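Read the structure below first, then the notes.
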Number of protein chains: 2
Amino acid sequence: MRRPTIADIARQAGVSKGAVSYALNGQPGVSEATRARILAIANEIGWRPNIAARALNGARAHAVGLALCRPARFLGVEPFFMELISGIEAELSARSYALLLQVVGDHEAEMGVYRRWWGEGRVDGAILVDLHLDDPRVPQVEEMGMPVVVLGHPSAAGSLVPVWADDSAAVRETVEYLVALGHRRIARVAGLPRLSHTAIRDRAFADVCAGLGLEAGPIVHTDYTGEEGARATRRLLSSPGRPTAIVFDNDIMAVAGLSVAQEMRLDVPADLSVVAWDDSPLCQVVRPPLTVLTRDIPAYGAHAAQRLLALIDGVESRSLEVRASRLTTRGSTAPPA
Amino acid sequence: MRRPTIADIARQAGVSKGAVSYALNGQPGVSEATRARILAIANEIGWRPNIAARALNGARAHAVGLALCRPARFLGVEPFFMELISGIEAELSARSYALLLQVVGDHEAEMGVYRRWWGEGRVDGAILVDLHLDDPRVPQVEEMGMPVVVLGHPSAAGSLVPVWADDSAAVRETVEYLVALGHRRIARVAGLPRLSHTAIRDRAFADVCAGLGLEAGPIVHTDYTGEEGARATRRLLSSPGRPTAIVFDNDIMAVAGLSVAQEMRLDVPADLSVVAWDDSPLCQVVRPPLTVLTRDIPAYGAHAAQRLLALIDGVESRSLEVRASRLTTRGSTAPPA
DNA sequence: GGAGTTCACTAAACCGGTTCAGTCAAGGGG
DNA sequence: CCCCTTGACTGAACCGGTTTAGTGAACTCC
């Protein structure tokens with residue numbers, strides 16, 4: 001039982017393929033009566049357009065690509081990507097676009113994937129995440145001519161359309177809040193130093209500390225894993241003049257840090273305040289629940305997808321700034337003892 | 001600057017399109033000298049096959065579909081899916097297959113997505129997850145005739161190829177271990193009752209308890225969120241004859257349960273032993289680190305993908321049993337006080 | 001009432017590959 | 001020396017749509 005084609009419909013309706021094509025695509029060129037008849041037949045025999053045939057005529061592939069370049073074991077850890085993906089999807093599926101996903105090992109492999117997808121006509125565009133400082137992907141993608149939206153700060157996006165949030169503002173809000181509580185020694189456990197948003201947060205952290213007259217708080221870089229978060233915390237808490245507050249770049253490290261503090265018989269929040277970047281259910285189930293920098297990640301993804309679809313449709317669009325992370329205070333922060 | 005086609009190559013090489021096609025696909029019909037010349041030209045002008053054109057000839061779409069039917073906010077919580085996806089991908093990308101991903105709201109939407117993907121020739125097959133009891137998707141997918149691999153117990157997979165692990169054995173191992181430690185009152189905080197693997201674990205739990213002469217331990221069903229895990233734990237720990245050990249169906253609930261116990265001034269593991277299903281970095285960063293049922297989720301996904309690719313290639317394959325979860329003991333379990 | 005316009009529709013080309021049926025020349029066997 | 005096979009290659013059909021050029025009839029308008 002072959003899949004029905006427009007030729008089948010044409011035969012049954014006693015018209016030409018062309019007429020069927022017009023009817024099915026809502027184009028002028030057929031009478032309303034004929035159109036209705038054709039639609040009825042198409043519906044009855046369960047016809048579906050063959051995207052391959054459509055794509056062959058230069059039509060859209062109706063898919064966009066996303067290649068994630070982090071080791072699988074790190075990916076599972078952070079809810080970020082899954083939430084991002086569901087946000088992207090919400091926007092895409094509303095327009096019947098599919099998402100092509102691939103997990104790759106490095107940027108070279110990632111570019112290979114994009115080149116293949118684009119070259120084979122599989123995707124109409126892509127979303128670039130985890131921007132690096134001087135990211136080699138940016139010029140390469142620019143050269144390919146593929147519509148691309150970048151998740152990250154405009155300063156790193158070259159001529160590509162960036163969708164971004166003002167992390168500096170979030171850092172400022174956090175540090176100012178901790179200082180208002182009375183903290184003077186604040187540390188930051190950051191993610192991968194080569195990621196551009198890490199650099200931006202690092203700088204903002206240093207700037208805000210300086211602006212408030214604090215001595216520059218220590219920054220420790222990690223790979224986002226709980227182990228490194230724990231190690232960093234241990235180091236910070238063992239140092240002379242240890243911090244009374246630590247801001248972590250993700251939730252898993254914050255939880256690990258919380259455990260380390262408790263192991264070291266430090267009370268959270270009395271002896272140490274803890275702030276995590278990005279809220280997740282995890283932050284609310286630990287004791288004390290974590291004060292977090294909350295942002296709407298699905299919305300972030302949705303905005304990126306929307307921007308990309310516009311770009312694919314030929315609508316020129318520039319930078320889009322989404323709402324920055326906001327501080328949600330819970331039990332893990334308090335004035336220092 | 002149009003994308004180069006085989007016609008361009010043919011013109012430059014002074015041969016016909018057919019010859020180019022043979023050469024590029026490693027088929028007989030051209031001399032080695034000509035083949036080399038054609039390949040060189042193809043390479044030089046950067047030719048890529050247009051999958052749409054290939055697909056039109058009845059070739060594979062070189063993509064498989066995965067529709068996830070859980071609310072976005074639950075998806076982000078569990079590392080399970082991200083790990084599963086990276087496992088699937090590892091296998092797919094080795095064979096240059098792409099993964100089409102969509103997050104859907106309910107089973108009806110999910111079937112709609114599969115029908116569309118399959119009808120449009122976008123995918124060559126799909127992976128079905130989160131099997132329900134009497135899952136309506138199974139007969140519907142069977143009727144579609146699409147190659148499908150099911151992640152779940154054969155008893156629920158109908159005529160579809162199941163890839164599954166023996167959860168009963170894992171439950172047995174866990175309960176026997178807890179009983180050997182001296183526990184007599186063991187409870188289970190389970191996931192969604194309509195999922196078939198929940199039912200299987202429930203039954204196994206009851207059977208093993210009965211077999212060991214324990215009175216049937218209480219089972220509380222939840223939606224996998226930390227809140228419900230916490231509520232369930234609170235209820236269990238407040239009941240007369242409260243359990244001395246609780247087995248949770250995922251990590252986030254176990255962590256929530258751990259917090260609840262600590263809030264109630266119960267020491268883990270002295271007053272309460274905690275076991276989580278599925279290891280994740282999270283389980284190792286909390287204090288005490290959690291005893292868990294570990295399984296290799298990426299391998300699970302990889303096996304499913306492999307089975308699906310075989311099915312697409314027309315290789316008949318039957319049920320595949322992967323290694324069951326194994327108990328990894330950490331600090332959260334001990335003999336009852 | 002003849003020219004021009006619009007409408008509804010058809011036939012055929014086209015997209016970029018694959019594949020089948022031939023063609024033609026070289027080589028081998030009897 | 002001729003027939004037969006084999007190898008290398010060509011030309012054209014084909015996949016399932018879209019799109020363009022064209023056709024015939026009805027309708028409008030002066």
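Protein chains get the first letters and strands the later ones, always in sequence-line order, with residue 1 at the start of each. Since the structure is predicted, the reported quantities are computational estimates derived from the model, not experimental observations.
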Checklist entry - Over how many whole Å does the gap from A:Ile38 atom CD1 to D:dG17 atom P extend? => result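 A:Ile38 atom CD1 is separated from D:dG17 atom P by 13 Å.
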Checklist entry - Would you find more than 12 non-hydrogen atoms of other residues, nucleotides or ligands less than 6.0 Å from B:Arg37 atom CZ? => result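 Counting other residues, nucleotides and ligands, CZ of B:Arg37 exceeds 12 neighbours.
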Next on the checklist: For A:Asp134, is the CG atom crowded, meaning more than 12 foreign heavy atoms sit under 6.0 Å from it?
Outcome noted: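 Not more than 12 within 6.0 Å, no.
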Next on the checklist: Can you tell me if A:Ser21 touches the phosphate of D:dT18, counting only side-chain N or O atoms and a distance under 4.0 Å to OP1 or OP2?
Outcome noted: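 For A:Ser21, the contact criterion (side-chain N or O under 4.0 Å from OP1 or OP2 of D:dT18) is met.
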Checklist entry - Of all of residues 93-100 of chain B, which get a heavy atom below 4.0 angstrom from DNA chain C, listed by number? => result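 The stretch gives none, as no residue of it lies under 4.0 Å from the strand.
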Checklist entry - Going by heavy atoms closer than 4.0 Å, what residues in residues 26-37 of chain A are next to DNA chain C? => result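 Under 4.0 Å from DNA chain C: A:Gly29, A:Val30, A:Ser31, A:Thr34.
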Next on the checklist: As a quick check of understanding, evaluate side-chain contact (heavy atoms from CB on, under 4.5 Å) for B:Leu308 and B:Ile88, giving each step before the final call.
Outcome noted: CA-CA 10 Å; B:Leu308 179 57; B:Ile88 291 172; over 6 Å; no
Checklist entry - What's the verdict on side-chain contact (heavy atoms from CB on, under 4.5 Å) for A:Leu192 and A:His132, showing C-alpha distance, side-chain angles and the deciding distance? => result CA-CA 10 Å; A:Leu192 295 167; A:His132 281 204; over 6 Å; no
Checklist entry - Which part of the nucleic acid, if any, lies within contact of B:Val20, taking any heavy atom under 4.0 Å across all strands shown: a base, the sugar-phosphate backbone alone, or nothing? => result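 Nothing, no heavy atom under 4.0 Å.
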Next on the checklist: Once you apply a heavy-atom cut-off of 4.0 Å, does A:Gly121 come out as touching a base, just sugar-phosphate, or nothing?
Outcome noted: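 Counting heavy atoms under 4.0 Å across all strands, no contact is made by A:Gly121.
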Next on the checklist: My understanding is that only residues two or more places apart in sequence, or in another chain, count here; which of them pass ring pair (Phe, Tyr, Trp, His ring centres under 6.0 Å) with A:His197?
Outcome noted: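 Not a single residue meets the ring pair (Phe, Tyr, Trp, His ring centres under 6.0 Å) criterion with A:His197.
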Using side-chain heavy atoms (C-beta onward) and a distance below 4.5 Å, is [X] in contact with [Y]?
X: A:Leu84; Y: A:Leu151; value: yes
X: A:Val64; Y: A:Leu100; value: no
X: B:Leu66; Y: A:Leu101; value: no

Item to check | Residues which pass side chain to side chain contact (heavy atoms under 4.5 Å, CB included) with A:Ser31, listed by chain and number, not counting sequence neighbours | outcome: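 By the side chain to side chain contact (heavy atoms under 4.5 Å, CB included) rule, A:Ser31 matches A:Ala33, A:Thr34.
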Item to check | Partner set under side chain to side chain contact (heavy atoms under 4.5 Å, CB included) for A:Ile51, not counting sequence neighbours | outcome: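 A:Ile51 satisfies side chain to side chain contact (heavy atoms under 4.5 Å, CB included) with B:Glu120, B:Arg122 only.
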Item to check | Given DNA chain D, 5'-ward residue of the pair B:Gly18 and A:Ala19, judged by closest heavy atom | outcome: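 Checking each residue's closest nucleotide, the 5'-ward one belongs to B:Gly18.
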Side-chain donor-acceptor contacts of residues 311-321 of chain B below 3.5 Å, not counting sequence neighbours, with atom names and distances?
unit_1, atom_1, unit_2, atom_2, d
B:Asp313, OD2, B:Arg95, NH1, 3.4
B:Asp313, OD2, B:Arg95, NH2, 3.2
B:Ser319, OG, B:Trp164, NE1, 2.9

Checklist entry - Using a heavy-atom cut-off of 4.0 Å to chain B, what are the terminal contacting nucleotides of DNA chain C, in 5' to 3' order? => result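 Under 4.0 Å from chain B, the extent on DNA chain C is C:dG16 to C:dC20.
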Checklist entry - Closest approach of A:Asp130 and A:Phe81, non-hydrogen atoms and distance? => result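 Taking A:Asp130 first and A:Phe81 second, the nearest heavy atoms are OD2-CZ, 3.7 Å.
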Checklist entry - Taking all atoms of both residues into account, what is the closest heavy-atom pair of B:Gln102 and A:Ser93, and its distance? => result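 Where B:Gln102 meets A:Ser93 most closely, the heavy atoms are NE2-CB, 2.7 Å.
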Per-pair distances, 0.1 Å, donor-acceptor, side chain in residues 108-116 of chain B, under 3.5 Å, sequence neighbours excluded:
unit_1, atom_1, unit_2, atom_2, d
B:Glu110, OE1, B:Arg137, NH1, 3.0
B:Glu110, OE2, B:Arg137, NH1, 2.8
B:Tyr114, OH, B:Ala67, N, 3.2
B:Tyr114, OH, B:Ile127, O, 3.1
B:Arg115, NH2, B:Gln140, OE1, 3.0

May I have the list of side-chain donor-acceptor pairs in residues 9-16 of chain A shorter than 3.5 Å, sequence neighbours left out?
unit_1, atom_1, unit_2, atom_2, d
A:Arg11, NH2, A:Asp8, OD1, 3.1
A:Ser16, OG, A:Ala19, N, 3.3

Item to check | Pair listing, ring pair (Phe, Tyr, Trp, His ring centres under 6.0 Å) test, anchored in residues 36-65 of chain A, at least two apart | outcome: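 Every pair satisfying ring pair (Phe, Tyr, Trp, His ring centres under 6.0 Å) with a residue in residues 36-65 of chain A: A:His62-A:Tyr97.
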Checklist entry - Considering the terminal five base pairs at each end of the helix from C:dG1-D:dC30 to C:dG30-D:dC1, what angle separates the two local helix axes, rounded to 10°? => result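 The angle separating the two end axes equals 50°.
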Item to check | Positions of residues 42-57 of chain B (non-hydrogen atom under 4.0 Å from DNA chain D), listed by number | outcome: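 Residues of residues 42-57 of chain B under 4.0 Å from DNA chain D: B:Leu56, B:Asn57.
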Checklist entry - Side-chain donor or acceptor of B:Lys17 under 3.5 Å from a matching atom on the base of D:dG11? => result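 Side chain to base: no pair present.
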